[in-house]
A.B. asks: 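Can you read through this structure? Questions will come right after.
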Amino acid sequence: LASALALDKQRSKEAFKRAGLPVVESLLVSKNDAQKEHVMAVPYVVKPNNEGSSVGIYIVRDGANDPPKLAETMPAEVMVEAYAPGRELTATVVGERALTVTDILTDGWYDYDAKYAEGGSRHVVPADIPQEIFDACLDYAECAHAVLGCRSLSRTDFRWDEKRGLDGLVLLETNTQPGMMPTSLTPEQAEACGMTFGELCQYLVEDASCDR
């Protein structure tokens with residue numbers, strides 16, 4: 001149930017909002033309406049409501065006269081979300097404790113290639129950011145984990161507009177099945193906190209077996 005809720009971006013965002021977590025404005029509209037006119041002031045983002053790995057993301061930037069032309073593979077209903085500028089941050093929760101914060105650096109935005117291609121992004125672990133922002137990311141990640149009913153492992157992603165301080169930190173989404181590849185963020189954070197990849201996998205298996 002927690003994974004299903006986390007994958008439904010709009011419903012999870014509503015749960016976050018009720019818990020007092022900072023999120024940006026968003027709405028669900030038909031694919032046709034999203035292509036017909038701007039349904040939100042630019043800049044904004046159009047994406048599937050229930051996909052991961054930055055699949056099907058369209059960024060409509062300032063000055064765009066027309067709405068985006070969406071691929072045929074996009075679902076009949078899409079999410080339109082206010083664009084959140086700033087740095088890409090993420091925090092992993094193992095058990096009930098957030099490990100650390102990663103600052104994700106890319107040449108463009110954190111798309112599919114930046115996530116999975118070797119050299120697609122550079123990760124600063126722990127993030128070199130003000131302590132107030134660092135602590136808020138940890139706190140928000142733990143809260144999001146609890147709000148969705150997650151257990152064992154989750155990773156929560158943020159954008160931070162440093163010009164606005166703490167007010168510029170927003171929660172994008174929580175992933176209950178974060179990547180476990182060599183370029184993935186969660187194993188990297190675990191290693192930075194003294195947990196090897198083998199130890200992380202062992203913890204997940206043993207924690208799951210205790211729930212039988």
A.B. asks: So which atom in Phe158 and which in Cys137 form the shortest heavy-atom distance, rounded to 0.1 Å?
C.D. replies: CZ-O, 3.5 Å
A.B. asks: Begin from the C-alpha positions of Arg97 and Glu142 and carry the test salt bridge (Lys or Arg N to Asp or Glu O under 4.0 Å) through to its verdict.
C.D. replies: CA-CA 6 Å; Arg97 182 177 68 87; Glu142 291 174 357; over 6 Å; no
A.B. asks: Treat each ILVMFWY residue as a node, draw an edge where side-chain heavy atoms are under 4.5 Å apart, and state whether Leu99 and Met195 are in one component.
C.D. replies: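 Linked within one cluster.
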A.B. asks: I'd like to check Thr156 versus Leu171 (side-chain heavy atoms, cut-off strictly below 4.5 Å). Are they in contact?
C.D. replies: yes
A.B. asks: Is the closest basic N to carboxylate O distance between Glu162 and Arg87 below 4.0 Å?
C.D. replies: yes
A.B. asks: Using side-chain contact (heavy atoms from CB on, under 4.5 Å), reason through Leu153 and Leu204 one step at a time and then give a plain yes or no.
C.D. replies: CA-CA 8 Å; Leu153 184 72; Leu204 296 176; 3.8 Å; yes
A.B. asks: In terms of hydrophobic clusters joined by side-chain contacts under 4.5 Å, are Leu21 and Leu5 together?
C.D. replies: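 The answer is yes; both residues are in one hydrophobic cluster.
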A.B. asks: Which value, rounded to the nearest 0.5 Å, describes the distance between Met79 atom CE and Lys9 atom NZ?
C.D. replies: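 Met79 atom CE to Lys9 atom NZ measures 7.5 Å (nearest 0.5 Å).
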A.B. asks: Is it true that Glu96 and Arg151 make a salt bridge, defined as a side-chain N closer than 4.0 Å to a carboxylate O?
C.D. replies: no
A.B. asks: So, do Pro85 and Trp160 sit near enough that their side-chain heavy atoms are less than 4.5 Å apart?
C.D. replies: no
A.B. asks: Determine, stepwise, if the pair Val124 / Leu105 fulfils side-chain contact (heavy atoms from CB on, under 4.5 Å).
C.D. replies: CA-CA 8 Å; Val124 180; Leu105 307 178; 3.8 Å; yes
A.B. asks: How far apart are the closest heavy atoms of Ser154 and Thr174, and which atoms are they?
C.D. replies: CB-CG2, 3.9 Å
A.B. asks: Please tell me if the side chains of Gln177 and Ser3 come closer than 4.5 Å, counting only heavy atoms from C-beta onward.
C.D. replies: yes
A.B. asks: Rounded to the nearest 0.5 Å, what separates atom NE2 in His145 from atom CZ in Arg155?
C.D. replies: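 Nearest 0.5 Å value for the NE2-CZ distance: 14.0 Å.
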A.B. asks: Locate the shortest heavy-atom distance separating Val80 from Met40; write the atom from each residue and the value.
C.D. replies: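 That would be O-CE, 3.6 Å.
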A.B. asks: What I'd like to find out is whether the side chain of Lys36 reaches to under 4.5 Å of the side chain of Pro67, using heavy atoms alone.
C.D. replies: no
A.B. asks: Which is it for Leu148 and Ser12 under the side-chain contact (heavy atoms from CB on, under 4.5 Å) test, yes or no, and what are the steps along the way?
C.D. replies: CA-CA 7 Å; Leu148 297 180; Ser12 59; 4.0 Å; yes
A.B. asks: Check whether any side-chain heavy atom of Ile133 lies under 4.5 Å from a side-chain heavy atom of Gln131, and answer yes or no.
C.D. replies: no
A.B. asks: Under the 3.5 angstrom rule, does the side chain of His123 hit a backbone N or O of Ile104 as a donor-acceptor pair?
C.D. replies: no
A.B. asks: What's the verdict on side-chain contact (heavy atoms from CB on, under 4.5 Å) for Asp62 and Tyr83, showing C-alpha distance, side-chain angles and the deciding distance?
C.D. replies: CA-CA 10 Å; Asp62 280 322; Tyr83 178 74; over 6 Å; no
A.B. asks: If every non-hydrogen atom of Val42 is compared with every non-hydrogen atom of Gly63, which pair is closest and at what distance?
C.D. replies: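 Closest heavy-atom pair between Val42 and Gly63: CG2-N, 4.3 Å.
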A.B. asks: Does the side chain of Ser152 reach to within under 4.5 Å of the side chain of Val94, using non-hydrogen atoms?
C.D. replies: no
A.B. asks: May I ask whether Leu89 and Val125 are part of the same hydrophobic cluster, defined by side-chain heavy atoms of I, L, V, M, F, W, Y residues being less than 4.5 angstrom apart, directly or through others?
C.D. replies: no
A.B. asks: Sequence neighbours excluded, which residues qualify as ring-ring contact (aromatic ring centres under 6.0 Å, His included) partners of Phe16?
C.D. replies: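 ring-ring contact (aromatic ring centres under 6.0 Å, His included) list for Phe16, sorted by chain: empty.
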A.B. asks: What I want to check is whether the side chains of Ser26 and Gln10 have a donor and an acceptor closer together than 3.5 Å.
C.D. replies: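 Side-chain D/A pair, Ser26 to Gln10: present.
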A.B. asks: Counting neighbours of CD on Glu191 that are heavy atoms of other residues, nucleotides or ligands and sit closer than 6.0 Å, is the number greater than 12?
C.D. replies: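 Atom CD in Glu191 is not packed in, count stays at 12 or less.
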A.B. asks: If every non-hydrogen atom of Gln189 is compared with every non-hydrogen atom of Thr90, which pair is closest and at what distance?
C.D. replies: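 Closest pair (atom of Gln189, atom of Thr90, distance): NE2-O, 3.0 Å.
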A.B. asks: Going by an N to O cut-off under 4.0 Å, is there a salt bridge joining Glu77 and Lys31?
C.D. replies: no
A.B. asks: Would you call the rings of His38 and Tyr44 parallel, tilted or perpendicular, taking 30° and 60° as the class edges?
C.D. replies: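 Correct class here is perpendicular.
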A.B. asks: With heavy-atom distances below 4.5 Å as the criterion, would you say the side chains of Val78 and Asn49 are in contact?
C.D. replies: no
A.B. asks: According to the side-chain hydrogen bond (donor to acceptor under 3.5 Å, both in side chains) rule, which pairs have a member within residues 65-75, sequence neighbours left out?
C.D. replies: none
A.B. asks: Indicate the atoms forming the closest heavy-atom contact of Val101 with Leu138, along with that distance.
C.D. replies: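 Here Val101 and Leu138 meet closest at CG2-CD2, 3.8 Å.
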A.B. asks: Say you draw a straight line from CG of Leu200 to CD of Glu188; how long is it, rounded to the nearest 0.5 Å?
C.D. replies: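 These two atoms lie 12.5 Å from each other.
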A.B. asks: With sequence neighbours left out, what residues match Gln202 under side chain to side chain contact (heavy atoms under 4.5 Å, CB included)?
C.D. replies: Glu206
A.B. asks: Just do the salt bridge (Lys or Arg N to Asp or Glu O under 4.0 Å) check on Asp161 and Arg159 with the steps written out, would you?
C.D. replies: CA-CA 7 Å; Asp161 183 353; Arg159 292 298 290 269; over 6 Å; no
A.B. asks: Atom CG in Leu7, atom CG in Asn175: separation rounded to 0.5 Å?
C.D. replies: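 Between atom CG of Leu7 and atom CG of Asn175 there are 8.5 Å.
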A.B. asks: Counting N and O atoms only, with roles assigned by atom type, does the side chain of Thr196 sit under 3.5 Å from a partner on the main chain of Glu199, one being a donor and the other an acceptor?
C.D. replies: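 Judged by distance alone, yes, a pair lies under 3.5 Å.
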A.B. asks: Are Val39 and Tyr58 joined in one hydrophobic group, where the rule is that I, L, V, M, F, W and Y side chains link up if heavy atoms are under 4.5 Å apart?
C.D. replies: yes
A.B. asks: Taking the side chain as everything from C-beta on, heavy atoms only, tell me whether Asn50 gets closer than 4.5 Å to Asp8.
C.D. replies: no
A.B. asks: Give the cluster check for Met74 versus Val29: same hydrophobic cluster or not, with ILVMFWY residues linked at side-chain heavy-atom distances below 4.5 Å.
C.D. replies: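 Cluster IDs for Met74 and Val29 match.
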A.B. asks: So does Arg164 pair up with Asp167, basic N to acidic O under 4.0 Å?
C.D. replies: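 Answer for the salt bridge query: no.
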A.B. asks: Determine yes or no for a side-chain-to-main-chain donor-acceptor pair under 3.5 angstrom, with Glu81 supplying the side chain and Leu27 the backbone.
C.D. replies: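 A pair under 3.5 Å: no.
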